[in-house]
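Some notes on the structure that comes next.
Note on naming: letters A, B, ... go to the chains in the order of the sequence lines (proteins, then strands), and numbering restarts at 1 for each one.
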2 protein chains.
Amino acid sequence: MESFSNNQLLQEIKSCEELLTDRIADNMETFGVSSTVGRLLGIIYMNREAMTLDSLAEETGMSKTRMSQVMRQMISFNIAEKEYVKGSRKDHYNVERDYAQTFISLFTSNWSEVVKRNTSLERRLREQIRHLETFLTEDSSEEVKVRMERLQQELDEWNAYYNWINNLVAFFESGEIFNHVPIVTPTKKEEAKNEE
Amino acid sequence: MESFSNNQLLQEIKSCEELLTDRIADNMETFGVSSTVGRLLGIIYMNREAMTLDSLAEETGMSKTRMSQVMRQMISFNIAEKEYVKGSRKDHYNVERDYAQTFISLFTSNWSEVVKRNTSLERRLREQIRHLETFLTEDSSEEVKVRMERLQQELDEWNAYYNWINNLVAFFESGEIFNHVPIVTPTKKEEAKNEE
DNA sequence: AAATCTGTGCAATTTAAACTTTACAAAGTA
DNA sequence: TACTTTGTAAAGTTTAAATTGCACAGATTT
């Protein structure tokens, strides 16, 4: 029967870890962020302790500048943060280790942005409509009246939608989602099993 | 006091509609799809009836080929469908008019994909680990043992995560989400107001 | 059967995003 | 003070995505 040396085993383990990292990256991509974001998240996650731009650059084979750009992006998404390491003057970056939390952070940063942009639009649009309405007379064509009415309706619908999104964000961010869609950890699964 | 002609008013209304279309497109982009997808969604939505590839091409100034590509993509996302129009041999496309439903369709198609890819990976990885474990002996280095153990843990965590995603998808797709985060339509708001 | 229309596969092109190189400011060290 | 180190701004390059143009099959009409 064949046998693996320690080094071979380590090699094999590493390749498994890389598969997992790829999956993490793939998952990130679904949020519409660059695959490198996911890659770094995976690498730091698997590394289990904060990493510097240089070590990331080495690990990925990419430039340090790019590492800097990506880490900044991750920080803006609230899925990474700088960690102070005494004795070193390099920045050390660590990532959120809770996958679901990462999901929520990305979800909320993306959609809050959308809601924000909508809110400012809505104000402008409502004003514009009010302004146009003052020009409506009995002479105005039927089409104008209908289109005006419809526009108002559309705006109402759209408003209802992004209010919903806004509530959705809160529902996730507050953690209430977990009351209805709980995370079942392997440990809990074991316990449940043992109770039988 | 100035006065707008019918045509001017129509023009103004149209520009409002375009602003709204842009917002719809912006919203779509958050799902990581091409902005043209959102644009077409917005255009067809505002048009209020099914449109052909030609009319879309005219409206956007883009090629018919592109329109075809995008509509196919939208159909695959379940946010558009062909509609039979008698007397015409062109395909007519219509879109989901319920914004929240559109959100859910995109959410579920994106994340189901992720879950699917993960499931197949997990099987492979579990097997590989089981295989490697048979090579573990008392001679194996401490590091190998630790890394092996950790890999297993990571896999468990990851598994818990995407099971959660899977449940989340079901939570949305079934509409249960609306029980906890309801959509408040302007009509309902009015009613609520009137009841006071 | 010939002519027209419609949607789409495919290769080519354009445009946008990802990534690198160079340079430099700020802060630390000798 | 001069010399490193570190992070990032800015501009340039490469790579990937979006978009087009051409061509053609299948269906329809004349």
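For the OP1/OP2 pair of C:dG9 and a distance below 4.0 Å, the side-chain nitrogens and oxygens of B:Arg72 include at least one atom meeting the criterion. Contact between the side-chain N/O atoms of A:Thr36 and the OP1/OP2 oxygens of C:dA18 is not found at any separation under 4.0 Å. In terms of phosphate contacts, B:Ser34 brings a side-chain nitrogen or oxygen within less than 4.0 Å of OP1 or OP2 of D:dT19.
In terms of heavy-atom proximity, A:His92 sits nearest to A:Ala50 at CB-CB, 3.8 Å. The two residues A:Ser105 and A:Thr108 have their closest heavy-atom pair at O-OG1, 3.1 Å. A:Leu40 approaches A:Met74 most closely through the heavy-atom pair CB-SD, 4.1 Å.
B:Met62 has its CE atom 15 Å from the C1' atom of D:dG21, to the nearest Å. The CD-P distance, from A:Gln73 to D:dT8, rounds to 14 Å in whole Å. What separates CG of B:Asp91 from C1' of D:dT28 is a distance of 14 Å, to the nearest Å. Note: CE (B:Met67) to P (D:dA18) measures 13 Å, nearest angstrom. In this structure, B:Leu56 places its CG atom 14 Å from P of C:dT6, rounding to the nearest Å. With rounding to whole Å, B:Met74 atom CE is found 17 Å from C:dG7 atom C1'. Here D:dT4 presents its P atom at 17 Å from CG of A:Asp54, a figure rounded to the nearest Å. Distance A:His92 NE2 to D:dT5 C1': 13 Å, rounded to the nearest Å.
Nearest-nucleotide mapping onto DNA chain C: of B:Glu29 and A:Ser63, the residue sitting toward the 5' end is B:Glu29. Toward the 5' end of DNA chain D, the nearer of the two residues A:Thr65 and A:Arg89, judged by each one's closest nucleotide, is A:Arg89. Sequence order on DNA chain D of the closest nucleotides to A:Gln69 and A:Lys90 puts A:Lys90 first from the 5' end.
Between the side chains of A:Thr65 and A:Ser68, no donor-acceptor pair of N or O atoms lies under 3.5 Å.
Counting only heavy atoms from C-beta on, B:Arg66 has its side chain closest to D:dA18 among D:dA18, C:dT6, D:dG7.
Sorted by first and then second residue, the pairs that involve residues 11-67 of chain A and meet ring-ring contact (aromatic ring centres under 6.0 Å, His included), not counting sequence neighbours, are A:Phe31-A:Phe103, A:Phe31-B:Trp111, A:Tyr45-A:Tyr99.
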